[in-house]
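Report on the following structure.
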Amino acid sequence: MSYTFSRALAGMTGTATRDIFKLLSRPEIVSFAGGLPASDCLPVAQVGEITAEILADQKEALRILQYGATEGYPGFRELLGPLLEEVGIRGAGLDQLLVVSGGGQGLDLMCKAFLDDGDTVLVEDPTFLGFLETVRAYNGKLAGVRADGSGIDLDDLEAKVRRHRPKLLYAIPDFSNPTGKTWPEDRRKAVAELAAKYGFMVIEDDPYSRLRFAGTPVRSMKSFDTDGRVVYISSFSKTVSPGLRCAFAAGSGEVIRKLAIGKQGADLHTSSLSQAIVKRYLEKNYFYPGIEKSLPIYRQRKTAMIEAIKRHMPAEFRYTNPDGGLFIWGEFDAPVNTVEIFKEAIEKNAAYINGTVFFADCSGSNTLRLNYSNESPERIEAGIKALGEVFKGRIARGG
Ligand SMILES: Cc1ncc(COP(=O)(O)O)c(C=O)c1O
């Protein structure tokens, strides 16, 4: 059958994401490819208990099974204020908050609200693959901004803002996907000021800041926003459960109203059952203990991966060593093509994501992303050992 798909989607194959999920289903593969929270951290018992309580309450059950308000389930948004205050965002009113179906929907709604065909979106290179695909689906034009060890390069950002006059800048200042990097406070402040000076919008995507297992938290970029230019998006996917599809956006009342209009056309509202579950999860004080339980697991797995890298990867491999989040980013100072080598790695039962999918211009063929959150230390050791042999072999053969 030959279909005439839209120009935006016709060229998209979704190959990278599809391959990840195919690989995860083969148990012999040690997968560093996904971005899943650890299965041992999913709160099965608590969600079971809460769901039973909710459905036993006739009035609440009827409310949940009926259509709900686009902005969010009653009483849920009131609980988000304290979470925002913890990242330095004070005094957000209910009209400045929107519940969304995963942070990914927040990103989609921002593109829907702000992008016309051909508008430029700046991203820190490399960045979250899902956002790059969303921009392409809205016919946006992507331009990458250089980064150093501490995140976005402010000089390159300002130069690109002047050159491209972007509508949006997308940033993950805490434990970025894919690099694990965290921006220092002064860069966050400087970017918020540049947004006000040049009049572009900033999406601050924060799924990971609470997964900090070392170092000191840094306040959000949104907390420096005096001009309504930054929209902060956070998600319960990595702190409660990704299957619940529950997240929220905080921005100026005017922007949040537009996002809500966009959401009405997408899914009308986020599942009321999911919102009610997360609401009670917060009320019953399961949230912080749940995170506390996950942090030693992530710390142990990250340490296991760093130690295995030191033991097994070639000397030409440079890598990040994050204080939180789910990812380590690696780069070869040698002619190593991670796209080509992937097949060989799979034959040795180890998977990673090649770095090209995270760059605005699909460059970075000497880079890769390693996820450590969902494999045991023993399997991490075995998987990195296998990758080390593959890459050392390739380098010895001249790439
Ligand atoms: C940086 C980033 N943003 C957004 C998302 C989407 O998360 P969700 O839609 O589950 O909240 C992810 C998921 O991995 C991510 O890594």
Side-chain angles (χ1 to χ4, degrees), residues 14 16-18 20-21 24 31-39 41-42 72 80 83 87 98-112 121 123-135 137 142 147 151-152 168-183 202-212 220-222 231-250 259 263 266-267 270-271 274-275 277-278 281 291 294 298 320 322 324-329 353 355 357-360 369-374:
T17 337
R18 228 186 13 240
I20 296 173
F21 287 101
L24 291 178
S31 179
F32 305 130
L36 311 183
S39 303
C41 297
L42 296 177
L80 303 177
L83 297 183
V87 294
L98 178 69
V99 177
V100 286
S101 303
Q105 183 178 59
L107 307 182
D108 185 89
L109 293 176
M110 281 298 287
C111 291
K112 197 174 188 179
V121 179
V123 296
E124 177 186 344
D125 248 346
T127 197
F128 175 47
L129 160 68
F131 182 72
L132 298 178
E133 289 186 341
T134 301
V135 171
L142 287 158
I152 202 157
L168 292 173
L169 166 71
Y170 172 70
I172 314 159
D174 292 272
F175 310 128
S176 163
N177 176 3
T179 65
K181 287 177 193 172
T182 290
W183 300 7
V202 179
I203 305 173
E204 180 177 21
D205 190 11
D206 179 21
Y208 300 116
S209 68
R210 288 176 190 277
L211 300 188
R212 175 180 281 281
S220 65
M221 183 155 46
K222 174 74 183 155
V231 172
Y232 174 85
I233 297 175
S234 189
S235 171
F236 293 102
S237 284
K238 306 300 185 325
T239 50
V240 184
S241 149
L244 292 174
R245 312 306 303 132
C246 207
F248 57 96
L259 299 187
K263 184 172 167 66
D267 64 354
T270 294
S271 156
S274 288
Q275 294 183 66
I277 289 171
V278 178
Y281 192 85
I291 295 171
S294 72
Y298 292 139
T320 57
L326 308 181
F327 306 105
I328 288 173
W329 178 252
I353 299 268
V357 297
F358 302 105
F359 284 88
R369 187 192 77 179
L370 297 168
N371 164 254
Y372 51 78
S373 58
N374 209 28

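Along the sequence shown, residues carry numbers from 1. Order of listing sets the numbers, starting from 1, for every ligand and every atom in it.
Between Ser235 and ligand 1, at least one pair of N/O atoms sits closer than 3.5 Å. Taking distance alone, with nitrogen or oxygen atoms compared against 3.5 Å, Gln105 stays at or beyond that limit from ligand 1. For the pair Gly104 and ligand 1, the shortest N or O to N or O distance falls below 3.5 Å. Distances between N or O atoms of Gly103 and those of ligand 1 include at least one value under 3.5 Å.
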Chi angles and distances behind the side chain to side chain contact (heavy atoms under 4.5 Å, CB included) call for Lys222, Val87: CA-CA 9 Å; Lys222 174 74 183 155; Val87 294; over 6 Å; no
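The aromatic rings of Phe131 and Tyr170 lie parallel to each other, their planes meeting at an angle below 30°, with 60° marking the opposite boundary. Ring geometry for Phe358 against Trp329 counts as perpendicular: the plane angle is over 60°, on a 0 to 90° scale with 30° as the lower cut.
For the pair Lys263 and Thr270, the minimum side-chain heavy-atom distance is below 4.5 Å. Side-chain contact between Ile277 and Val240 is absent, with no heavy-atom pair separated by less than 4.5 Å. Between Trp183 and Ser176 there is no side-chain heavy-atom pair separated by less than 4.5 Å.
The backbone N or O of Leu36 sits less than 3.5 Å from a side-chain atom of Ser373, completing a donor-acceptor pair.
Heavy-atom proximity to Tyr170, at under 4.0 Å, picks out these atoms of ligand 1: 1 (C), 3 (N). Each of the following atoms of ligand 1 lies closer than 4.0 Å to a heavy atom of Asn177: 1 (C), 15 (C), 16 (O). Near Ile172, with a cut-off below 4.0 Å to any heavy atom, the atoms of ligand 1 are 1 (C). Numbered from 1 in the order shown, with element, the atoms of ligand 1 that lie under 4.0 Å from a heavy atom of Ser237 read 8 (P), 10 (O), 11 (O). Near Arg245, meaning under 4.0 Å from any of its heavy atoms, are these atoms of ligand 1: 8 (P), 9 (O), 10 (O).
Distance check, rounded to the nearest 0.5 Å: OH of Tyr372 to CG of Leu326 gives 6.0 Å.
Of the protein's non-hydrogen atoms, the one nearest atom 16 (O) of ligand 1 is Tyr208 OH, 2.5 Å. Among protein heavy atoms, the minimum distance from atom 13 (C) of ligand 1 is reached at Lys238 NZ, 3.2 Å. Among all protein heavy atoms, the one lying closest to atom 12 (C) of ligand 1 is Phe128 CZ, 3.5 Å.
The only member of Asp205, Thr182, Ile203, Val123 that meets side chain to side chain contact (heavy atoms under 4.5 Å, CB included) when paired with Ile172 is Asp205.
The heavy atom nearest to atom 1 (C) of ligand 1, considering only Asp205, Leu244, Leu129, is found in Asp205.
At a 4.0 Å cut-off, at least one heavy atom of Pro207 sits close enough to ligand 1 to count as contact.
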